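Both counts, for ligands and for their atoms, begin at 1 and track the order of listing. The model shown is predicted, which means the values in this text are computed figures rather than measured ones.
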Amino acid sequence: MLDKKMQAALGEQATKEFYSAYLYMAMASHLEAQVLPGLAKWMRVQAQEESCHALIFFNYICERGSKVELGVIKAPPKDFKSVTEVFKHTVAHEREVTASIHGIAELAASIKDHATKQFLEWFVAEQVEEENAAETMLRQAARLEDDKALFLLDKEASARVFVLPAPLAGKV
Ligand code: FEO
């Protein structure tokens, strides 16, 4: 069974991951409305991954014999000034998620919850990838913010495919 503080922190993180999925679907909707289906697909895949992240936290809390306490998911923003703005928001959001996961890892260390510390290692590595992917898209979008170049970025982004995260193999 999880320590009460840890149970609350992990439940809160599951909620944050569901919010991430919601946020990226809001961005996908904005990009669809801008007739950028490739970039919208990139965001849809991102949202799928976030739902998986939420599920990984959910499953772990259950595996530890504790109850998942989900919180309120706020409404995501509806409009973005530009594609660059979308990815600026993505980078900022991913950095917040990284800080949140690091905070839980510190809590795990402080209460000597070695199992949770090890569980979080996958997320610590995943956040390095998540931040890098978002930063790369931001750098490209910022350089290419005109219609012709965005069309090319849109085509490239459409190649992104969803891959089930390893901790969910055989569990969904
Ligand atoms: Fe689940 Fe993008 O952090």
Checklist entry - With H53, which of F18, W122, F58 fulfils ring pair (Phe, Tyr, Trp, His ring centres under 6.0 Å)? => result W122
Checklist entry - Is E94 close enough that one of its N/O/S atoms sits under 2.8 Å from atom 2 (Fe) of ligand 1? => result yes
Item to check | Polar contact flag, side-chain donor to acceptor under 3.5 angstrom, T90-Y24 | outcome: no
Next on the checklist: With respect to atom 1 (Fe) of ligand 1, please indicate if E49 possesses an N, O or S atom at a distance under 2.8 Å.
Outcome noted: no
Checklist entry - Out of T15, V68, L120, which residue meets the side-chain contact (heavy atoms from CB on, under 4.5 Å) rule with F57? => result L120
Next on the checklist: Tell me whether R160 contacts the main-chain N or O of W42 through its side chain, where contact means a donor paired with an acceptor under 3.5 Å.
Outcome noted: yes
Checklist entry - Hey, is the main chain of S51 close enough, under 3.5 Å, to the side chain of E17 for a donor-acceptor pair? => result no
Checklist entry - Which N/O/S atom belongs to H53 and is the closest one to atom 1 (Fe) of ligand 1? => result ND1
Item to check | Option from M25, E130, H93 for which side-chain contact (heavy atoms from CB on, under 4.5 Å) with S20 holds | outcome: H93
Checklist entry - In E130, which N, O or S atom comes closest to atom 2 (Fe) of ligand 1? => result OE1
Checklist entry - Does E126 put an N, O or S atom under 2.8 Å from atom 2 (Fe) of ligand 1? => result no
Item to check | Residue E50 atom name (nearest to atom 2 (Fe) of ligand 1; N/O/S) | outcome: OE2
Checklist entry - atom 1 (Fe) of ligand 1 is nearest to which N, O or S atom of E17? => result OE1
